[in-house]
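In what follows, chains are A, B, ... by sequence order, proteins preceding strands, each numbered from 1. Hydrogens, waters and symmetry mates play no part in the numbers below; they use all other heavy atoms, side chains included.
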There are 2 protein chains.
Amino acid sequence: MVDGEKKKRAPGRPRRLGPETIVAAARRIIDEEGVEAVSMRRVAREVGSTPMALYHHVRDKDELLLLTLAGTSTAVPRPALPADPRERMIAVAVHMHGLLKRMPWVLKVLALGDLTDPKALWMAEEIVQSALDSGLDEARAVRAYRTVWHFVYGDLVLTAARERRAADPDRRPSFPSALTGEDARELPRLTELAGRWEELQRYDVREQLTAIVDGLLGPARAARG
Amino acid sequence: MVDGEKKKRAPGRPRRLGPETIVAAARRIIDEEGVEAVSMRRVAREVGSTPMALYHHVRDKDELLLLTLAGTSTAVPRPALPADPRERMIAVAVHMHGLLKRMPWVLKVLALGDLTDPKALWMAEEIVQSALDSGLDEARAVRAYRTVWHFVYGDLVLTAARERRAADPDRRPSFPSALTGEDARELPRLTELAGRWEELQRYDVREQLTAIVDGLLGPARAARG
DNA sequence: ACCTGAACACCGTTCAAGT
DNA sequence: ACCTGAACACCGTTCAAGT
């Protein structure tokens, strides 16, 4: 871990920086120290160049981060999927959730854009196809995908935020413990459940995804009779 | 809009900074220029003090941002709610979505923690109560709230991200248009839908929330029937 | 107790200049 | 075309010192 270390260029060959080198360096920093550690200056140092040289190969920092997403979804092997379309949809959604749970930095980058890893598109394909196989029309199938994905994303971000806060003992818990007088009177149910909130809200994400999928497939079931 | 302007302290009275002044200044900056414009230095300038003085009243920047959340939910009047618990649950969820859509900066702050505005808790109360009234047990009711909220959050963040990217014409669209050869073969459905993806995915959030609520209330219906 | 000034260790990006 | 150096306009936070 030498600090000021510079990569030597191969003798006789002019250095060609290229986006791949830059993206690879960014990925290395992410894997070792987290997304927060990525900066144009830091990446430049890593590839033995100057911050401004990077701007010749990527338009800005957001673009660079988005480029680091490519291939990340292959970190976890693609699972065998059940044949039944409803089961299949649930399985893919659960996989998606589990995958991103293992790489929370991806969530931060995704907030800048949207899915950009072509190797991750099979999940969208499977969900849409399963929805169609379940009898939804095209529009409903695509929207079903979107709804599942938005829940997965929100669940991961907010669960992580809650865990981060819970890990810091100095911060007072925000919700819904510590409801004071007036609030308590207007919020009888939350007040009653406050003490058990933490345990009550803990959930198996598969159960929630199953509920969502069933809700989304509802119209198909209704159409079938 | 004089730049270096400093607030004069009332003559004869020593300035007492206090958290309220600081939070109010932060809110003002947010309303006028967005959360991105909030910095400890900027807030300090606004209250005519030094950055470090703030640290006597708030533990750090995250805490300050979380404090600015208080009362934001009253910006939109509390709607009349239908009596039917299922309808009520949907109505509150839709309200929650609409409320936060109007103040996207809140989403950024919420990623740091969780709901911290006591004036927003009535939405949790209503959703949990409606779920109970629909026949869910306590644990399921609380989890239903969490699921609805996580979807609302994810939907708003990702929709905003997509819109931001779409507004910038220079950035190439990411998904799922521009699928190349090999990808296309493995993703027949997405390839087929690619051209219409934008229009297909557009949705009325009430419809999706209705599906989610129906899915979550499923177990109650099963128990009743 | 409350506040200040200086400092530490950073940021992303623009611009003009070099090869 | 590709890269550099200097500069602009910032960050959050620590620390020692002041009143």
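- Atom CH2 in B:Trp149 sits 8.0 Å away from atom CE in B:Met123 (nearest 0.5 Å).
- Put simply, A:Ser49 has a side-chain N or O that comes within less than 4.0 Å of OP1 or OP2 on D:dT4.
- Comparing atom distances between the A:His56 side chain and each of C:dG12, D:dC3, D:dG12 picks out D:dC3 as nearest.
- Put simply, the side chain of B:Glu125 gets close to the backbone of A:Leu190: a donor and an acceptor are under 3.5 Å apart.
- Dashed line: the shortest gap from a side-chain N or O of A:Tyr55 to OP1 or OP2 of C:dT14 is not under 4.0 Å.
- Residue whose closest nucleotide on DNA chain D sits further toward the 5' end, between B:Pro51 and A:Ala53: A:Ala53.
- Contact check for B:Glu186 versus A:Leu121: no side-chain heavy atoms found under the 4.5 Å cut-off.
- Here, D:dA9 and C:dC8 have their P atoms 23 Å apart, quoted to the whole Å.
- Secondary-structure annotation of DNA chain C gives the stems C:4-8 with D:12-16, C:12-16 with D:4-8, with a stem taken as at least 3 successive Watson-Crick or G-U pairs whose two distances both fall under 3.5 Å.
- For B:Thr50 and C:dC3, the shortest distance from a side-chain N or O to OP1 or OP2 is not below 4.0 Å.
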Exercise. Using the side-chain contact (heavy atoms from CB on, under 4.5 Å) rule, take A:Thr72 and A:Lys119 through it: C-alpha gap first, then chi angles, then the decisive distance, then the call.
Key: CA-CA 8 Å; A:Thr72 47; A:Lys119 294 266 174 275; over 6 Å; no
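- Of the possible donor and acceptor atoms, one in the side chain of B:Lys61 sits under 3.5 Å from a partner among the backbone N and O of B:Val38.
- Here the CG atom belonging to A:Leu158 is positioned 5.5 Å from the OH atom belonging to B:Tyr153, to the nearest 0.5 angstrom.
- Within the 4.0 Å cut-off from OP1 or OP2 of D:dC3, at least one side-chain nitrogen or oxygen of A:His57 is found.
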